[in-house]
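First up is the structure itself, then whatever we jot down about it.
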Amino acid sequence: MNDEINNKPIRLRFAPSPTGGLHLGGLRTLLYNFLFVQQQGGKLILRIEDTDQKRFVAGAEQYIFECCQWLGINIDESVQHGGEYGPYRQSERKALYQQYVQQLIDGGLAYYAFDTPEELDAMRESFKSVLPHDQIQYDQKTRMKMTNSLTLSAEETKKKLDNKTPFVIRIKMPEQEQIVLPDAIRGAVHFDSQLLDDKVLMKADGLPTYHFAVVVDDYLMKISHVLRGEEWLPSAGIHALLWRYLGWEKDMPIWIHLPLILKPDGNGKLSKRDSERLGIPIYALQWKDATSGDLIEGFKEKGFVPQALSNFLALSAWNDGSTQEVFSIDELIQKFSLERLHHHSAKFDYEKAKWYNETYLQQMPTTALTDCVKNCLVTKQIQHHYTDTQLEELVELTKARCQLINDFYDQNAYLFHKPTSIDTAALTGKWNADKKKLFEQLIVVFEQANNFSHDVLHHTLQEFCATQNIKLGEIQLPLRVMLVGGKFGIGVTHILALIGKKESIERITNGLNALSTIA
RNA sequence: GCCGCGUUGGUCAAUCGGCUAAGACGCCACCCUUUCACGGUGGAAUGACGGGUUCGAUCCCCGUACGCGGUACCA
């Protein structure tokens, strides 16, 4: 549809800054970029926006690729995949930007500014009395009072440049002009150039700012659609103006500004702090914070499968208009549409995310799920002697109660080690010396049993109850409490079969000791 | 302050002028189950406010309020 209008190949880019872990919002932007590209048969470019060396974090770039891999997101062009529009790291494109700023300067659309940070501060101070509130910025109201190539003569400017005086290059905002940014989901967004400041295009270190680099790179990389976060909308007017100033207006990509993901509670954008504060993941994969040294768990470490995260994320700012909520990646690719993207922010609902994961776990083939559980047990360093067949059996029996992979251990810990305490209160009033004798006899029966499988045990218990002339229900609860420590868990005969004869007898014996205090 | 974007239950949301306002998560109750879950059935719970436009506004327009974002030689 859009490709026909523009008559140009579909090329999208995801352009993160390597300044830390990739959080939920970035992940979702990445996912939407991917879905659209897959649907349209286009290309997805991953561009590293590392123009701020001060904020560079080692490892952040590699981490982004790892997230893509875990989520199954295919990148066509990047520092790792290559491509004909490289380099794909902005710091390596430094020389490329030069000719385009020069073009703007020659056209009188940008200018050199020599003001030092101190002079800028002084300017802000001095204008406090004449300008309303704090709308003091480097703009058409103030630029003629500053040290720049607009106020200096050509010779003076040349002298400063020859002397290697530090400078930045600023855009010269037009005096009075309506700038229109066509956003595919929000319609035309208008900006008044009079209220916009003369943004820095090139910094003193010779690297471009974001505003200049995106425009140049999106043009050179032939980007057809820009799907990025809403935090860019206020500066999108400047980007649109630059596309025009550089003479590329007819090649301008289609803009789509995605809503933000907000804190689950309270107000504001979801942040790293919320992850720690609420114990919820916000990264796909664990991220080690370089400054604090803290290791922050991601969705993967919490026990999510990537398909569930993708599905949850995809539906957090889009739906197909039906009541369907569970979509495979292929369905998402097929049904995704720009038109149905939401344009308002929403709170992050971790409960819902877990529900998605639960849904995916229930649908997974037992063998695949068992593999996940085995990995989980390894990372948790849980010692056990279960065979693969037994683990598969356990997965089948317990998956209905698991939302996260880790739940297979957390919910079934009693299958891996003896209960640390016995909830004797659960049996108050239901325990006496007669019951104790009953269980002592049961131990004898178990000791003589030569088949400890689940179905045989079922008959064994029934026969035992018949000979004792009691109902099965009378021994079930005490037996459960002795085996697992409380009123929870899967069926008792399954527990007995899984932990085995020796372990079962030990637990009953221990249980009888613990219960002697209430009898 | 200024600029931009938003505003349907506790949360996520459907509707594209006809509403007795879907559905999901969460919550509650009951059923199933001599445990806990799963499952099943049911329930409570929503259009920020004020003006228009219209036979009719959740839906369109204008204000107000509120929320979010931006306002850097950060992205």
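These values consider heavy atoms only, across backbone and side chains, with no hydrogens, waters or symmetry-generated copies. Chain letters run A, B, ... following the sequence lines, proteins first, then strands; residues in each count from 1.
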(message) Give me syn or anti for B/rC28, where syn covers glycosidic angles within 90 degrees of 0.
(response) anti
(message) Go nucleotide by nucleotide along RNA chain B from the 5' end; which of A/Phe191 and A/Glu351 gets its closest nucleotide reached first?
(response) A/Phe191
(request) Rounded to whole angstrom, note down the P distance from B/rA21 over to B/rA48. (result) 16 Å
(message) Between A/Cys402 and A/Lys471, which residue's closest nucleotide on RNA chain B lies nearer the 5′ terminus?
(response) A/Lys471
(request) Write down the distance separating the C1' atoms in B/rU20 and B/rG47, rounded off to the nearest Å. (result) 15 Å
(message) Taking B/rC3 as the reference, what is the distance to B/rA72 when you measure between their P atoms (whole Å, please)?
(response) 16 Å
What N/O pairs connect the protein and nucleotides 40-43 of chain B at under 3.5 Å? Give each pair on its own line.
none

(message) Looking at A/Asp349 and A/Lys347, is any side-chain nitrogen of the basic one under 4.0 Å from a carboxylate oxygen of the acidic one?
(response) no
(request) Determine: side-chain N/O of A/Arg340 to OP1/OP2 of B/rU15, distance under 4.0 Å, yes or no. (result) yes
Distances for protein N or O near nucleotides 20-23 of chain B N or O, under 3.5 Å:
none

(request) Check the side chains of A/Tyr97 and A/Asp217 for a donor-acceptor pair under 3.5 angstrom, ignoring hydrogens and angles. (result) yes
(message) Any base atoms under 4.0 Å from A/Ala346, or only sugar-phosphate, or nothing? Heavy atoms, all strands.
(response) sugar-phosphate
(request) Could you check how far CG of A/Leu404 sits from C1' of B/rC38, rounded to whole Å? (result) 16 Å
(message) Quick check on B/rC74: is either OP1 or OP2 less than 4.0 Å from any side-chain nitrogen or oxygen of A/Lys54?
(response) yes
Between the protein and nucleotides 30-32 of chain B, which nitrogen or oxygen pairs come in under 3.5 angstrom?
none

(message) Strictly below 4.0 Å: does A/Lys203 bring a side-chain N or O up to OP1 or OP2 of B/rC74?
(response) yes
(request) For nucleotides B/rC12 and B/rG26, find the distance between their C1' atoms and express it as a whole number of Å. (result) 11 Å
(request) Can you tell me the distance, in whole Å, between the CG atom of A/Leu196 and the C1' atom of B/rA72? (result) 14 Å
(request) Could you check whether A/His190 gets within reach of a base, just the sugar-phosphate, or nothing at all, counting any heavy atom under 4.0 Å? (result) sugar-phosphate
(message) As a check on the pairing definition, encode RNA chain B in dot-bracket form, counting Watson-Crick and G-U wobble pairs whose two distances are under 3.5 Å, and using | for partners outside this strand.
(response) (((((((..(((.....[....))).(((((.......)))))....(((((..]....))))))))))))....
(request) Look at A/Lys354 together with A/Glu358 and state whether they make a salt bridge at an N to O cut-off of under 4.0 Å. (result) no
(request) Sorted by first residue and then second, give each side-chain hydrogen bond (donor to acceptor under 3.5 Å, both in side chains) pair with at least one member in residues 474-493 of chain A; sequence neighbours left out. (result) A/His454-A/Thr493
(message) Is the phosphate of B/rA14 approached by A/His342 (side-chain N or O, under 4.0 Å from OP1 or OP2)?
(response) yes
(message) Quick check on the 6.0 Å ring-centre criterion: do A/Trp287 and A/Tyr63 meet it?
(response) yes
(message) Looking at B/rA75, I'd like to know if its phosphate oxygens (OP1 or OP2) sit under 4.0 Å from a side-chain N or O belonging to A/Thr51.
(response) yes
(message) In whole Å, I'd like the distance from the CG atom of A/Asn267 to the C1' atom of B/rC66.
(response) 10 Å
(request) Answer yes if the side chains of A/Thr165 and A/Asn163 hold a donor-acceptor pair under 3.5 Å, and no otherwise. (result) no
(request) Sticking with atom P, work out how far B/rA45 lies from B/rC62, rounded to a whole angstrom. (result) 34 Å
(message) Taking any heavy-atom pair under 4.0 Å as a contact, classify A/Asn319: base, sugar-phosphate, or nothing.
(response) sugar-phosphate
(request) Would you kindly give the CG-to-C1' distance between A/Asp349 and B/rG26, to the nearest whole Å? (result) 8 Å
(message) Can you tell me which nucleotide in B/rC25, B/rU7, B/rC73 comes closest to the side chain of A/His344?
(response) B/rU7
(message) If I pick the P atom on B/rG23 and the same atom on B/rG40, what distance separates them, to the nearest angstrom?
(response) 15 Å
(message) From NE2 of A/His211 over to P of B/rA75, roughly how many Å is that when rounded to an integer?
(response) 7 Å
(message) One thing to verify: whether A/Lys263 and A/Asp265 come together as a salt bridge, which I'm taking to mean a side-chain N less than 4.0 angstrom from a carboxylate O.
(response) no
(message) Can you tell whether the side chains of A/Asp289 and A/Lys272 come within less than 4.0 Å, N to carboxylate O?
(response) yes
(message) Counting the atoms with a prime plus P, OP1 and OP2 as sugar-phosphate, which does A/Asp115 contact under 4.0 Å by heavy atoms, base, sugar-phosphate, or nothing?
(response) base
(request) Pull out every residue in residues 232-245 of chain A that has a heavy atom closer than 4.0 Å to any atom of RNA chain B, ordered by number, or say none. (result) A/Trp232, A/Leu233, A/Pro234
(request) Name the nucleic acid region contacted by A/Val200, choosing base, sugar-phosphate or nothing; use a 4.0 angstrom heavy-atom cut-off, strictly under. (result) sugar-phosphate
